[in-house]
J.: 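Here you go, one structure.
In this text, all values refer to a predicted model and were calculated from it rather than measured experimentally.
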Amino acid sequence: DGPDPPYIVIDESIGMLISVLFIDSFVMYIIAFSLFRFFDILKPSIIFHSQYFKNGIGIIMDDLVAGIIVMLMLLGV
């Protein structure tokens with residue numbers, strides 16, 4: 001599908017929202033934001049492969065997976 005269009009940021013918003021879903025302190029918000037940006041930029045492993053879903057789903061999927069991974073990390077799972 002190609003690179004994400006830079007003027008569409010709903011995918012980033014969804015991923016970030018998921019990563020802070022159960023967070024209740026400002027320090028944890030900063031950690032969640034930092035981890036989310038790290039995973040979103042470097043796209044390790046499954047995050048990289050999730051961006052290749054067809055019909056625009058991959059545009060959202062990589063941020064969704066990154067958000068879920070950050071959420072699970074911060075919950076200690």
J.: F26 and L21: same hydrophobic cluster, using ILVMFWY side-chain contacts below 4.5 Å?
T.: no
J.: Provide the closest heavy-atom pair for L74 versus A32 in the form atom of the first, atom of the second, distance.
T.: CD1-CB, 3.4 Å
J.: Do V9 and F38 share a hydrophobic cluster (ILVMFWY, side-chain heavy atoms under 4.5 Å, transitive)?
T.: no
J.: Is there a path of hydrophobic side-chain contacts, each under 4.5 Å between heavy atoms of I/L/V/M/F/W/Y residues, joining F39 to L17?
T.: no
J.: So do F36 and D63 actually touch side chain to side chain, heavy atoms under 4.5 Å?
T.: yes
J.: Say you draw a straight line from CG of D62 to CG of D11; how long is it, rounded to the nearest 0.5 Å?
T.: 6.5 Å
J.: Following the transitive rule for hydrophobic clusters with a side-chain heavy-atom cut-off under 4.5 Å over Ile, Leu, Val, Met, Phe, Trp and Tyr, establish whether L35 and M28 coincide in one cluster.
T.: yes
J.: Counting only heavy atoms from other residues, nucleotides and ligands, does the tally under 6.0 Å from CD1 of I46 exceed 12?
T.: no
J.: Same cluster or not: are I14 and M16 linked, directly or through other Ile, Leu, Val, Met, Phe, Trp or Tyr residues, by side-chain heavy atoms under 4.5 angstrom apart?
T.: yes
J.: For the CD1 atom of I57 and the OG atom of S50, what is their distance to the nearest 0.5 Å?
T.: 11.5 Å
J.: With side-chain hydrogen bond (donor to acceptor under 3.5 Å, both in side chains) as the rule and sequence neighbours excluded, what pairs involving residues 25-37 come up?
T.: E12-R37, R37-D40
J.: Run the side-chain contact (heavy atoms from CB on, under 4.5 Å) test against I68 and tell me which residues pass, sequence neighbours left out.
T.: I18, L64, L72
